[in-house]
Amino acid sequence: MEATALSSGFNPLTKRKDHRFPRSYAQRKSLSLIQFDSKERSFGLKNSKLEGSIAITRRGLSFKTNVFEQAHSVTGDCSFDEARDKTRSLVAEDKIGVLLLNLGGPETLNDVQPFLYNLFADPDIIRLPRPFQFLQGTIAKFISVVRAPKSKEGYAAIGGGSPLRKITDEQADAIRMALQAKNIAANVYVGMRYWYPFTEEAVQQIKKDKITRLVVLPLYPQYSISTTGSSIRVLQDLFRKDPYLAGVPVAIIQSWYQRRGYVNSMADLIEKELQTFSDPKEVMIFFSAHGVPVSYVENAGDPYQKQMEECIDLIMEELKARGVLNDHKLAYQSRVGPVQWLKPYTDEVLVDLGKSGVKSLLAVPVSFVSEHIETLEEIDMEYRELALESGVENWGRVPALGLTPSFITDLADAVIESLPSAEAMSNPNAVLSEDSESSDAFSYIVKMFFGSILAFVLLLSPKMFHAFRNL
């Protein structure tokens with residue numbers, strides 16, 4: 001990773017001495033895919049009904065990410081048997097790789113501040129106006145330093161670090177074995193966006209292993225520009241710059257909340273946890289999803305909110321078919337900073353439910369497939385305490401999917417189904433010339449000067465300092 005800078009324009013902190021190199025891993029069908037338009041290369045993905053164009057611009061290099069806005073079925077466009085038959089011929093010819101993408105998390109308390117820096121230095125997390133994008137690193141440094149003490153308290157409460165890497169490694173091994181059971185030999189890799197093993201490291205290992213066909217599986221059921229989109233942007237930049245990687249056929253499974261295996265696995269866990277209550281029929285099923293800023297949805301075309309609502313509908317339809325008729329509610333957690341995020345907010349809804357007389361509540365972390373700080377600390381501790389203080393008497397929480405066998409099997413099937421759609425990326429003519437860069441030098445200096453003044457005023461503002469401290 002130290003040899004490769006993040007495409008977002010910042011360098012993650014250097015490699016630790018005890019850092020292990022990324023491991024290998026594998027999945028089923030691609031309903032929502034990425035495709036770069038006209039000048040841009042395809043990421044090895046097939047076109048269908050595309051809506052919600054998301055424009056991403058970096059120093060004059062512009063490309064668009066198009067995503068399917070709506071899933072038409074849970075099962076896919078081709079049968080598993082058809083995909084398996086096509087895959088058999090590929091397996092004989094190619095060395096298969098699967099890249100699992102995830103957020104990453106600090107493994108020790110000393111990792112917290114540099115992890116937060118990497119997080120907030122991502123322009124898909126803090127979206128600055130173009131004239132002020134050169135301040136990304138400075139602002140990230142400020143926020144990470146101010147935020148670190150509070151974040152350390154949270155990680156200390158769950159054992160001193162995030163379990164996300166360990167769980168993701170275990171999921172990778174499980175997917176590899178599930179593929180092997182289906183006669184698909186594949187190397188499965190883990191690439192984290194903000195901590196070790198970084199995506200860049202995983203990609204270098206993929207190249208070193210001479211992978212000839214790759215499936216990319218973000219471990220986010222629903223697509224958002226701040227999660228899957230950010231990771232894909234990094235991959236796009238890495239593959240664009242490397243002649244070998246540009247020729248590797250790639251299939252990206254961009255969202256998979258509508259897959260029957262995922263929906264059934266979620267319904268299974270909910271149904272099981274409901275039975276732990278003395279009166280299961282009276283329990284409110286409370287879905288808590290990670291939020292995103294409203295501007296992502298309204299201004300950037302992020303399909304996350306719509307996909308989340310469709311996801312909840314699919315899960316509840318499955319539960320209803322099983323005779324589970326409980327009321328349910330969706331809210332959004334983990335809002336950050338002084339901007340408006342998707343509503344309703346989890347904390348506010350919990351208070352309202354308690355005051356309205358709801359006595360039994362089952363929390364469902366719907367956007368998370370692994371346990372981490374937002375399930376173990378935010379939901380299990382903060383929200384549980386808030387709910388009980390507000391009048392809820394019986395609290396339960398559905399575990400993250402983790403290594404649930406039906407879930408792992410479905411991801412392995414997703415890999416198999418997507419392999420035939422992989423295509424090599426073309427080499428786009430998207431690199432700025434030296435002349436075009438130098439012609440903008442004067443305006444860049446002007447923007448930097450006035451932007452620095454504005455940033456200085458904002459960062460020293462007591463109101464802004466308080467907002468960042470309470471991120």
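In what follows, every heavy atom counts, from backbone to side chain, and hydrogens, waters and symmetry copies are set aside. Note that the numbering runs from 1 along the sequence shown for the chain.
Closest approach of Val248 and Ile211 over heavy atoms only: CG2-O, 3.8 Å. When all heavy atoms are compared, the tightest approach of Ser370 to Leu164 is CB-CD1, 3.6 Å. Of all the heavy atoms in Ala363 and Ile379, the pair that sits closest is CB-CG2, 4.2 Å. In terms of heavy-atom proximity, Leu314 sits nearest to Val263 at O-CG1, 3.6 Å. Between Ser421 and Ala251, the shortest heavy-atom distance links the atoms OG-CB, 3.7 Å. Among all heavy-atom pairs drawn from Pro344 and Leu330, the shortest one is CG-O, 3.5 Å.
Residues passing the ring pair (Phe, Tyr, Trp, His ring centres under 6.0 Å) test with Phe286: none are found, sequence neighbours excluded. Residues meeting the ring pair (Phe, Tyr, Trp, His ring centres under 6.0 Å) test with Tyr155, sequence neighbours left out: none. Legend: residues meeting ring pair (Phe, Tyr, Trp, His ring centres under 6.0 Å) with His372, ordered by chain and number and at least two apart, are Phe368.
Between the Asp94 side chain and the Ile96 main chain, no donor and acceptor come within less than 3.5 Å of each other. Between the side chain of Asp410 and the main chain of Ser406, no donor-acceptor pair closer than 3.5 Å is present. In this structure a side-chain-to-backbone donor-acceptor pair under 3.5 Å is present from Asp111 to Thr108. Under a 3.5 Å cut-off, the side chain of Lys281 and the backbone N or O of Asn326 do not form any donor-acceptor pair. Formation of a donor-acceptor pair under 3.5 Å by the Thr375 side chain with backbone atoms of Glu371 is not found in this model. Distance alone, capped at 3.5 Å, places no donor-acceptor pair between the Gln113 side chain and the Val146 backbone. No donor-acceptor distance shorter than 3.5 angstrom exists from the side chain of Thr228 to the backbone of Ser224, with no hydrogens or angles considered. Of the possible donor and acceptor atoms, none in the side chain of Asp302 sits under 3.5 Å from a partner among the backbone N and O of Val297. Side chain of Trp256 to main chain of Pro218: a donor-acceptor pair is present (N/O by atom type, distance under 3.5 Å, no hydrogens or angles).
Side-chain contact, Asp268 with Ser265: no donor N or O sits under 3.5 Å from an acceptor N or O. Donor-acceptor pairing under 3.5 Å is recorded for the side chains of Arg193 and Ser230. For the residue pair Asp347 and Tyr383, no side-chain donor N or O sits within less than 3.5 Å of a side-chain acceptor on the partner. Side-chain polar atoms of Gln222 and Ser255 form no donor-acceptor pair below 3.5 angstrom.
Atom CG of Asp313 is surrounded by more than 12 heavy atoms from other residues, nucleotides or ligands within 6.0 Å.
Rounding to the nearest 0.5 angstrom, the gap separating the CE atom in Met381 from the CG atom in Leu386 is 15.0 Å. Residue Thr346 holds its OG1 atom at 11.0 Å from NZ of Lys329, rounded to the nearest 0.5 Å. Distance CZ/Phe115 to CG/Asn110: 15.0 Å, rounded to 0.5 Å. Ser390 OG to Lys355 NZ: the interatomic distance, rounded to the nearest 0.5 Å, is 6.5 Å. Note that the CG atom of Leu99 and the CD1 atom of Ile253 stand 11.0 Å from one another [nearest 0.5 Å]. For the atom pair CG of Leu342 and CZ of Arg335, the computed distance is 11.5 Å after rounding to the nearest 0.5 Å.
For the pair Pro365 and Glu374, the minimum side-chain heavy-atom distance is 4.5 Å or more. With a 4.5 Å cut-off on side-chain heavy atoms, Asn187 and Lys95 count as touching. Contact check for Leu350 versus Asp352: no side-chain heavy atoms found under the 4.5 Å cut-off. No side-chain heavy atom of Ile373 sits under 4.5 Å from any side-chain heavy atom of Ser162. Side-chain atoms of Ile285 and Leu274, non-hydrogen and from C-beta on, do get closer than 4.5 Å to each other. Two residues are said to be in side-chain contact when any heavy atoms from C-beta on lie closer than 4.5 Å; Ile143 and Ile126 meet this criterion. Using a 4.5 Å heavy-atom threshold, the side chains of Pro249 and Thr212 count as separate. The shortest side-chain heavy-atom distance between Pro163 and Leu376 falls under the 4.5 Å cut-off.
With respect to the salt-bridge test (charged N to carboxylate O, under 4.0 angstrom), the residues Arg397 and Glu273 do not qualify. Glu282 has no carboxylate O lying under 4.0 Å from a charged side-chain N of Lys359, or vice versa, which leaves the two without a salt bridge. Salt bridge present: Asp237 and Arg240 bring a charged side-chain N and a carboxylate O closer than 4.0 Å. Under 4.0 Å is where a charged nitrogen must lie from a carboxylate oxygen, and between Glu348 and Lys343 no such pair does.
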* Criterion side chain to side chain donor-acceptor pair (under 3.5 Å) on Glu393 and Ser360, from CA distance to verdict -> CA-CA 6 Å; Glu393 297 176 357; Ser360 298; over 6 Å; no
* **side chain to side chain contact (heavy atoms under 4.5 Å, CB included) assessment of Leu103 paired with Met192** => CA-CA 5 Å; Leu103 187 80; Met192 301 295 192; 6.0 Å; no
* Decide yes or no on side chain to side chain contact (heavy atoms under 4.5 Å, CB included) for Glu271 and Val324, but give the supporting numbers first. => CA-CA 8 Å; Glu271 194 172 21; Val324 178; 4.1 Å; yes
* To do: Kindly indicate, with the supporting measurements, whether the criterion side chain to side chain contact (heavy atoms under 4.5 Å, CB included) is fulfilled by Val216 and Ile232.
  => CA-CA 9 Å; Val216 178; Ile232 296 306; 4.3 Å; yes
* **side chain to side chain contact (heavy atoms under 4.5 Å, CB included) evaluation trace for Leu235 with Glu200** => CA-CA 8 Å; Leu235 284 177; Glu200 292 85 346; over 6 Å; no
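Ring planes of Trp341 and His290: tilted class, angle from 30 to 60°. Classification of the His328-Phe287 ring pair by plane angle, with boundaries at 30° and 60°, yields perpendicular.
Screening Thr199, Asp209, Leu101 against Tyr189 for a side-chain contact (heavy atoms from CB on, under 4.5 Å) leaves a single residue, Asp209.
Cation-pi geometry between Arg127 and Tyr296 is satisfied (NZ or CZ under 6.0 Å from the ring centre, within 45° of the ring normal).
In this structure, Tyr196 has its ring center closer than 6.0 angstrom to the ring center of Phe198.
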